[in-house]
Amino acid sequence: ARQGFDALEATLQANQRIERGDKRSHRVALANADRDVAQQTLSVRLTQLRQQTATAYIEALVAQHRVTLAREILSSTQSLHDAIADRVTAGRISSAESARARAALVTARVVLGQAESQLGNAYADLSKNWGDESIDFALAAELPSPAALPDQSTLLEKLERHAQFDLKRSEVSRRRMALDLQHAEAKSDLTVGGGVRFYNDRSDAAFVAGVSWALPFRNQNQGNIRAAREHLAAAEKSTDAIRNEL
């Protein structure tokens, strides 16, 4: 009696999931924590860039002084070579002295060439850090130094405000938010729906409604909760490693 499409039923229904466990607020909190981690990561990268640029500046300044010193040595060696050559010509000393002076002059030129090459590399590293490809510049002749270094207690207090600590605190907070979200995910959501069902055999229509709820007997999200808890513990432990490194 119900073969074919004689007793066809067609249902048009809309469903709405109702979240339990305040999942939405946990997702928003986790997204905000992700933003904080990104901001702190940028701060750390800027701090590292400043440190790299300062180190490159000092290395370039040292290389610049080495070139100046190598030029002075070459000038002195050239003067000594010329004086010895005059004395050899006058017959006052042996020609062996002239050979040694020429060897010293060649060595001084090699040293100057190496110093100039190192200076070019140092300029290139410095310009790479501050974002300018031009290396046609000269640094200040002297670098000011602080009158005194800070005492140990002051230095340790400043380390606690280091950008890496702020980043790690943000990461710990994010891991905690992720753990809270996984706990919330363990609670099953409700799904409610309603619509219209059409009966082909009687040309009738009826309203239908339903409620569904997954029974979490075998899946309570324990694996994800355990993983999030371990990630949180690892983030908290890494704070001590950062403190020791600094």
Side-chain angles (χ1 to χ4, degrees), residues 22-23 25-69 115 117-135 137-185 223-246:
D22 202 15
K23 294 184 178 68
S25 63
H26 287 303
R27 287 197 301 269
V28 172
L30 181 58
N32 292 332
D34 287 336
R35 181 190 58 194
D36 293 339
V37 169
Q39 292 175 343
Q40 294 300 331
T41 300
L42 176 61
S43 178
V44 170
R45 290 296 300 124
L46 291 175
T47 301
Q48 293 173 344
L49 181 60
R50 285 192 290 267
Q51 181 267 331
Q52 293 169 0
T53 304
T55 301
Y57 186 96
I58 294 173
E59 291 177 350
L61 188 61
V62 171
Q64 191 170 273
H65 281 294
R66 285 174 178 168
V67 169
T68 301
L69 179 61
S117 177
Q118 293 173 356
L119 178 61
N121 293 334
Y123 279 174
D125 290 340
L126 179 58
S127 62
K128 176 184 65 177
N129 278 287
W130 69 32
D132 186 1
E133 296 181 357
S134 173
I135 59 174
F137 54 82
L139 307 180
E142 297 294 336
L143 187 66
S145 300
L149 295 176
D151 58 84
Q152 185 176 4
S153 59
T154 302
L155 183 60
L156 292 178
E157 290 177 0
K158 289 184 176 181
L159 287 181
E160 292 297 326
R161 299 191 299 271
H162 196 278
Q164 290 193 28
F165 275 121
D166 293 335
L167 172 59
K168 187 52 61 178
R169 294 186 188 102
S170 297
E171 291 178 347
V172 170
S173 178
R174 186 213 174 273
R175 298 292 186 183
R176 189 171 291 112
M177 298 297 179
L179 177 59
D180 292 340
L181 177 59
Q182 293 303 326
H183 278 295
E185 292 288 349
N224 290 333
I225 292 175
R226 189 179 299 109
R229 187 179 292 116
E230 293 298 332
H231 290 159
L232 174 59
E236 292 174 341
K237 289 294 183 181
S238 62
T239 304
D240 295 335
I242 291 177
R243 181 178 290 107
N244 294 333
E245 180 182 357
L246 293 176

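Source: prediction; values computed, not measured.
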State the [atom1]-[atom2] distance between [X] and [Y], to the nearest 0.5 angstrom.
| X | Y | atom1 | atom2 | answer |
| --- | --- | --- | --- | --- |
| H183 | D22 | NE2 | CG | 14.5 Å |
| Q164 | T239 | CD | OG1 | 11.0 Å |
| H162 | T47 | NE2 | OG1 | 6.0 Å |
| L246 | L155 | CG | CG | 10.0 Å |
| E236 | R175 | CD | CZ | 11.0 Å |
| R27 | D34 | CZ | CG | 13.5 Å |

Using side-chain heavy atoms (C-beta onward) and a distance below 4.5 Å, is [X] in contact with [Y]?
| X | Y | answer |
| --- | --- | --- |
| Q52 | K128 | no |
| L167 | I242 | no |
| R229 | L232 | no |

Indicate the atoms forming the closest heavy-atom contact of [X] with [Y], along with that distance.
| X | Y | result |
| --- | --- | --- |
| A235 | K168 | O-CD, 3.6 Å |
| L30 | A178 | CD1-N, 3.9 Å |
| A122 | A60 | CB-CA, 3.6 Å |
| T53 | L126 | O-CD1, 3.7 Å |
| A163 | V44 | O-CG2, 3.4 Å |
| D36 | S170 | O-OG, 4.1 Å |

So for atom CD, which belongs to Q152, do other residues, nucleotides or ligands contribute more than 12 heavy atoms lying within a distance under 6.0 Å?
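Result for CD/Q152: open.
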Are T68 and Q64 close enough that a side-chain donor and a side-chain acceptor fall under 3.5 Å?
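Result is no, nothing qualifies.
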Taking R174 first and then E171, would you say they form a salt bridge - that is, a charged N and a carboxylate O separated by under 4.0 Å?
no
